Amino acid sequence: MRRSKAFIPTTKEAPSDAVLPSHIFLSRAGFITQVSSGLYNFLPLGKRVLRNIETIVNEAMASIGAQEVELSFVTPVELWQESGRIDKFGKELLRFEDRKENRFVLGPTHEEMMVNVVRNRVNSYKQLPLHLYQIKTKFRDEARPRFGLMRGREFIMKDGYSFHASAEDLDREFTTVERAYKHILERLGLEFRIVEADSGAIGGSGSKELMVLADSGEDTIALCDRCQYAANIEAAVRGAKQEIPEAPEAVFNRFKTPNVTTIEALSHFFKVDPFYLVKTVAKRAVYHEGSKLVLFCLRGSDTLQEVKATNVLNALELLDVSEDELRESGLVAGFMGPLNLNTCKIIFDKDLKDADAMICGANEIDYHYVGVNFNALKNAEFADIAEVNEGDTCPCCDGTLSFTKGIEVGHIFKLGTSYSKALKAEFLNENGQSEPFVMGTYGLGISRLVAAVIEQHHDENGCIWTPSTAPYLINVMISNIKDEAQMTFAENLYEALRQEGIEVMLDDRKERFGFKMKDAELIGFPYTVIVGKELINGNIQLMERATLRKETIAAEHALKTIIERTVT
RNA sequence: CGGGGUGUAGCUCAGUAUGGUUAGAGUACCUGGUUUGGGACCAGGGGGUCGAAGGUUCGAGUCCUUUCACCCCGACCA
C-alpha cells in the first residue's frame with residue numbers, strides 16, 4: 001500500500017476523553033474512530049489488525065476440529081424467555097420490534113441461538129461431539145462503556161459452543177480448547193495467564209479466564225510465586241495461614257468500648273492483631289422473589305469477597321445496607337456481631353471455624369465481647385467468603401500469593417446441561433434414552449484483543465505491534481521524494497518485498513523526515529526501512545520499532561538482509 | 001442507577017463571570033513559494049446553525065427553562 005493513497009487519519013492530539021494508551025494511540029494513529037458511547041468504527045489499519053487476529057483464531061479452531069458458522073445477530077426474544085436469561089441480562093439486552101411488532105434482541109452472546117440451531121438437528125450420540133463457533137459482532141448495552149475498545153457496547157467476539165454426550169467428553173474438549181487458546185495468545189505475542197475463574201450462579205463444573213497481563217487491566221489476579229496456581233480474585237482461595245499472631249487472653253466477657261467502631265480502632269484499643277477481631281458486614285441479598293438482610297463475619301484481617309458471598313447465598317446480587325435499615329433489624333453500626341441475634345441470616349467465613357479468643361461486637365452501643373468462639377453456636381453456617389490477601393499462602397503449595405492486573409480476553413466455561421435442559425435440547429444415547437447435551441462455551445474477545453496488544457506493547461511514541469498482529473510488517477520510508485535515486489530504490493524495494501508476500505507500506509508522501517518517522521512510530525510498524533541520505537554511500541537503514549534501534553545495511557543486499565531480519 | 005464534569009471548525013481548546021464589532025487560536029485541509037535526517041517556514045484561502053428546543057432582551061456563544069449527548073468516580077458487567 002502506498003501511504004499517499006492510504007486512509008490513515010493520524011492526529012497529533014488524542015481525543016480529550018481517551019485515558020488508556022490503547023484508546024489514545026489507536027485513535028491517534030487512525031485505527032479506530034468513536035461513533036457514540038461504546039461504539040467504534042474500524043478504519044483500514046484497525047480492520048487489518050482484526051483480520052490478522054481472526055486468521056490466527058480460525059487456524060487454531062480448525063486445528064481442533066471446530067466448525068465455523070455465522071448466526072443471526074438479531075435474535076427472537078422468545079429464545080431468551082425460554083432460557084430465562086431475559087431477566088438475568090436485563091437492560092443489557094437491546095430490544096426492539098420489527099414492522100410486524102415481533103420482538104427481537106441484538107445478540108449479546110449466542111448460547112440460545114446455537115442450542116436452537118443444534119436441537120432437533122443433532123439427535124444421536126453418534127453425531128457427538130460437535131463444536132461450532134463464529135466470529136461476530138455482539139451488542140451489550142453496558143451501563144458504563146469505557147476505555148475505548150476495552151469495554152464497548154458493540155464488540156467483536158469469537159464464541160464457540162461444544163456439545164457432548166458426557167461430562168468426561170466435555171472435560172476433554174475443555175482441555176483441548178484451553179490448549180488452543182493458549183496457542184493463539186502465544187502467536188499474538190502476548191504475555192498472559194490462564195486463571196481459575198468464578199463459575200457464578202449459573203452452575204457448571206468450572207471455568208477459566210485468559211488474562212493478558214497489563215497494569216490497566218480491570219481484573220485482579222492472584223498468582224503463586226512457586227507453582228502454577230493462578231486465579232481471579234473473585235475465585236481465589238488460599239492455604240492455611242502459616243504465622244499465627246499471638247492470641248489475646250481468652251476469658252469470655254462483655255467489654256465497654258466507647259466509640260470504638262472500626263477494626264483499626266479496636267485493634268489499637270485492645271492492642272490485638274486484627275486477626276482476632278470479627279469483622280461483621282451487613283448486606284441485602286437480592287433474589288427473584290425479594291430480598292433479605294444477611295450478616296457476614298470474617299476475621300478483621302480479611303475483607304468480604306462479594307462474588308463468593310453472592311454465590312454462597314445463590315443470590316442475584318448484594319446491596320449495601322443503610323444505618324436506618326440496620327437499626328430496624330436491631331443492629332448497631334460499629335458494634336455488630338453474630339451473638340444473641342436471630343433477626344437475620346449469618347454466614348461465617350470458614351477461617352472462623354474453631355477460631356478462639358475472638359473479639360466481636362455485642363449488638364449494643366459501646367460494647368464488644370471478648371474471648372469468643374463460635375463452636376457453641378448451633379446451626380452456624382461456614383463458607384469461604386473471604387478475599388485472599390497478597391502474601392497469603394498458596395492453596396496448592398507452600399508458595400506465597402501476589403497480585404497482578406489482567407485484561408480478561410477470554411473465558412472458557414463448562415456449562416453442563418443447564419441450557420440444553422432449559423431449551424429442551426436432547427439426543428438419544430446408546431440405550432435409546434433421551435439425554436440433554438452436555439455443553440461447553442468458549443469466548444474470546446477479538447476487538448478487546450486489539451486493545452490488549454497495545455496495552456501490553458506501546459511506548460510514549462505510540463503503538464508497537466507484534467509481528468503477527470501488525471497491519472503491515474514493514475514500512476519503507478523515503479526520506480526525500482524529490483531525490484530520484486531514493487525514490488527509484490524505494491519503489492523497487494517495495495515491489496520486491498511485495499513479491500515476497502510481505503505486508504509492506506511505502507511512505508511516498510511529500511513530507512519531511514521527522515514527520516514521517518513520528519508517524520511511523522505512532523502507527524507502530526514493527527520495522528521501518530529508511531531510504532535516505534545514506535543511499536549515496538550505498539547504505540539504507542532498518543529501524544526496529546520496539547527498540548527504536550537503527551541498523552545500517554548495504555543497499556545492494558537490502559532485500560535479502562531485510563527478509564533475514566524481519567521474517568521469522 | 002447515584003455523584004461530578006463537559007458540549008464553540010475534522011481534532012485540541014480560548015471566549016461565557018459583567019449580554020453589545022463580522023465568533024477566535026493552534027493543528028489539520030487547499031493554493032503558491034522556500035525547505036528536506038526527527039512532527040519546518042512565509043504568503044494567501046476554504047471550513048461554524050456556538051449540542052437541540054423554547055424563553056427574556058433593541059441585541060444571546062454568554063442570562064433563564066426544558067431536553068439530548070458525551071466523559072469521569074461509584075454501582076453493575078454470562
Side-chain angles (χ1 to χ4, degrees), chain A residues 9-20 23-24 27-28 30 33-39 80 83-93 107-112 138 140-148 150-153 155 157 159 161 197-204 207 209 218-219 234 283-284 286 306-307 310 316-320 322 408 410-415 418-419 439 441-443 445 448 461-462 477-483 486-487 509-522 528 530-536 539-541 543 548 550 552:
Chain A
T10 59
T11 61
K12 230 186 250 189
E13 285 178 286
S16 53
D17 45 39
V19 181
L20 291 193
H23 191 189
I24 292 170
S27 302
R28 280 191 54 204
T33 60
Q34 181 169 9
V35 178
S36 177
S37 178
L39 307 181
W80 297 89
S83 73
R85 283 215 289 186
I86 187 121
D87 295 325
K88 191 166 181 65
F89 263 104
K91 288 189 171 175
E92 277 193 35
L93 288 178
T109 173
H110 278 78
E111 279 81 7
E112 283 82 354
K138 301 285 183 282
R140 297 180 190 179
D141 199 359
E142 292 269 358
R144 185 145 101 84
R146 58 185 125 174
F147 304 144
M150 207 65 91
R151 179 181 291 284
R153 292 194 292 172
F155 57 99
M157 181 163 87
D159 48 324
Y161 309 88
D198 167 45
S199 295
I202 206 166
S207 80
E209 290 168 335
E218 293 190 80
D219 291 278
E234 295 171 354
K283 293 281 175 184
R284 181 160 292 282
V286 180
E306 291 203 20
V307 173
T310 309
L316 293 175
E317 60 173 331
L318 297 182
L319 301 178
D320 288 340
S322 70
E408 182 193 339
H411 198 164
I412 57 177
F413 211 112
K414 294 180 190 176
L415 280 181
S418 47
Y419 286 88
M439 290 180 59
T441 178
Y442 318 98
R448 183 177 279 183
N461 300 311
M477 194 267 269
I478 306 164
S479 179
N480 181 358
I481 62 165
K482 284 189 181 167
D483 182 323
Q486 289 181 22
M487 199 66 187
R509 290 173 301 171
K510 182 183 177 299
E511 294 289 350
R512 293 159 66 92
F513 180 84
F515 182 91
K516 289 196 236 189
M517 287 300 284
K518 287 284 185 197
D519 210 52
E521 284 163 16
L522 176 61
T528 291
I530 303 166
V531 179
K533 64 181 185 184
E534 286 291 305
L535 187 63
I536 209 161
N539 288 326
I540 59 173
Q541 283 165 303
M543 184 188 75
L548 296 179
K550 292 175 192 165
T552 299

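Since the model is a prediction, treat every value here as computed from it, not as a measurement. Naming convention: chains lettered A, B, ... in sequence-line order (proteins, then strands); numbering from 1 in each chain.
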- [ ] State which of B:rG26, B:rA78, B:rG38 makes the closest approach to the side chain of A:E13.
- [x] B:rG26

Task: Spacing of the C1' atoms in B:rG74 and B:rU57 (rounded, Å) - done: 43 Å

TODO: Would you give a per-nucleotide map of nucleotides 68-73 of chain B, 5' to 3', where B means the base has a protein non-hydrogen atom under 4.0 Å away, S means only the sugar-phosphate does, and - means neither?
DONE: --SSBB

TODO: For A:M477, report the nucleic acid contact type (base, sugar-phosphate, nothing); a contact means any heavy atom under 4.0 Å.
DONE: nothing

TODO: For A:M439 and B:rA78, give me the distance from atom CE to atom C1', rounded to whole Å.
DONE: 12 Å

TODO: Kindly point out which of B:rC77, B:rG38, B:rA78 is positioned nearest to the side chain of A:H411?
DONE: B:rA78

TODO: For A:E92, enumerate each residue passing the side-chain contact (heavy atoms from CB on, under 4.5 Å) test, keeping only those at least two apart in sequence or located in another chain.
DONE: A:F89, A:R140

TODO: Quickly work out the A:E92 CD to B:rC1 C1' distance and round it to whole Å.
DONE: 13 Å

- [ ] Give the rounded distance in Å between these two atoms: CD of A:Q486 and P of B:rU36.
- [x] 12 Å

Task: Contacts of type side-chain hydrogen bond (donor to acceptor under 3.5 Å, both in side chains), residue A:R146, not counting sequence neighbours - done: none

Task: N/O donor-acceptor pair, side chain A:R85 with base B:rA78, under 3.5 angstrom - done: no

TODO: Identify, with sequence neighbours excluded, every residue that meets side-chain hydrogen bond (donor to acceptor under 3.5 Å, both in side chains) alongside A:T310.
DONE: none

Open item on the list: Can you see whether A:E111 engages A:T441 through a side-chain donor-acceptor pair at a distance of less than 3.5 angstrom?
Closed with: yes

Open item on the list: Measure CG/A:L522 against P/B:rA28 and give the value in whole Å, please.
Closed with: 14 Å

Open item on the list: Quick check: any donor-acceptor pair below 3.5 Å linking the side-chain of A:K518 to the base of B:rG37?
Closed with: no

Open item on the list: Please enumerate all residues that pass salt bridge (Lys or Arg N to Asp or Glu O under 4.0 Å) together with A:E209, with sequence neighbours excluded.
Closed with: none

Task: Separation of the P atoms in B:rC68 and B:rU21, to the nearest angstrom - done: 34 Å

Open item on the list: Quick check: closest heavy atoms across A:G38 and A:Q34, and the distance to 0.1 Å?
Closed with: N-NE2, 4.2 Å

Task: B:rG15 and B:rC30, which share atom name P, separated by this distance in whole Å - done: 31 Å

Task: Residue list, salt bridge (Lys or Arg N to Asp or Glu O under 4.0 Å) with A:R28, at least two apart or on another chain - done: none

- [ ] Let me know the distance between CD1 of A:I24 and C1' of B:rC11, rounded to the nearest Å.
- [x] 14 Å

TODO: Please tell me if the side chains of A:R509 and A:D519 come closer than 4.5 Å, counting only heavy atoms from C-beta onward.
DONE: yes

Open item on the list: My understanding is that only residues two or more places apart in sequence, or in another chain, count here; which of them pass side-chain hydrogen bond (donor to acceptor under 3.5 Å, both in side chains) with A:E218?
Closed with: A:R151

- [ ] Rounded off to whole Å, could you give me the NZ-to-P distance for the A:K550 and B:rG38 pair?
- [x] 9 Å

Open item on the list: Applying side-chain contact (heavy atoms from CB on, under 4.5 Å), can you list everything that pairs with A:V286, at least two apart in sequence or on another chain?
Closed with: A:S291, A:E317, A:L319

TODO: Please measure how far the C1' atom in B:rG7 lies from the corresponding atom in B:rG48, and state the result in whole Å.
DONE: 14 Å

Task: Residue A:K12, side-chain atoms from C-beta onward, closest of B:rU27, B:rG37, B:rC77 - done: B:rU27

Task: Any side-chain heavy-atom pair of A:S479 and A:K533 under 4.5 Å - done: no

Task: Comparing A:D320 and A:L548 on RNA chain B - which has the more 5′ nearest nucleotide - done: A:L548

Open item on the list: Both A:T11 and A:E317 contact RNA chain B. Taking the nearest nucleotide for each, which residue is further toward the 5' end?
Closed with: A:T11

Open item on the list: I'd like to know if A:Q541 reaches the base of B:rG37 with its side chain, counting only an N/O donor and acceptor under 3.5 Å.
Closed with: yes

- [ ] Represent RNA chain B in dot-bracket notation, 5' to 3'. Only Watson-Crick or G-U wobble pairs with both distances under 3.5 Å count; pseudoknot-style crossings use [ ] and interstrand partners use |.
- [x] (((((((..((((......[...)))).((((((.....)))))).....(((((..]....))))))))))))....

TODO: Just jot down the side-chain hydrogen bond (donor to acceptor under 3.5 Å, both in side chains) partners of A:E306, sequence neighbours excluded, or say none.
DONE: A:K283

Task: Gap between atoms CG and P, on A:D519 and B:rG37 respectively (whole Å) - done: 18 Å

- [ ] Would you mind reporting whether A:L415 and A:Y161 have side-chain heavy atoms less than 4.5 Å apart?
- [x] no

Pull out every protein N or O sitting under 3.5 Å from an N or O of nucleotides 33-35 of chain B, one pair per line with the distance.
from, atom 1, to, atom 2, distance (Å)
B:rU35, O2, A:R512, NH1, 2.7

Open item on the list: Could you tell me how far B:rU12 sits from B:rU31 if I compare only their P atoms? Round to whole Å.
Closed with: 26 Å

- [ ] Establish whether the base of B:rG39 is bridged to the side chain of A:E511 by a donor-acceptor pair shorter than 3.5 Å.
- [x] no

Task: Rounded interatomic separation in angstrom, taking CG from A:L319 and P from B:rG74 - done: 18 Å

- [ ] Classify the nucleic acid contact of A:P108 as base, sugar-phosphate or nothing, counting any heavy atom under 4.0 Å across all strands shown.
- [x] nothing

Open item on the list: Taking the P atom in each of B:rU49 and B:rU6, what is the distance between them to the nearest angstrom?
Closed with: 23 Å

Open item on the list: Would you say A:K91 places a side-chain N or O within less than 4.0 Å of OP1 or OP2 belonging to B:rC1?
Closed with: yes

Open item on the list: Is there aromatic stacking of A:F513 on B:rG37 here, judged by a ring-centre distance under 5.5 Å and a plane angle under 30°?
Closed with: yes

TODO: Could you give the distance separating B:rG47 and B:rA9 at their C1' atoms, to the nearest angstrom?
DONE: 6 Å

Task: Residues that A:P145 engages under side-chain contact (heavy atoms from CB on, under 4.5 Å), provided they are two or more places apart - done: A:S37, A:E142, A:R153

Task: Whole-angstrom distance between B:rG3 and B:rC76, as gauged at atom C1' - done: 16 Å

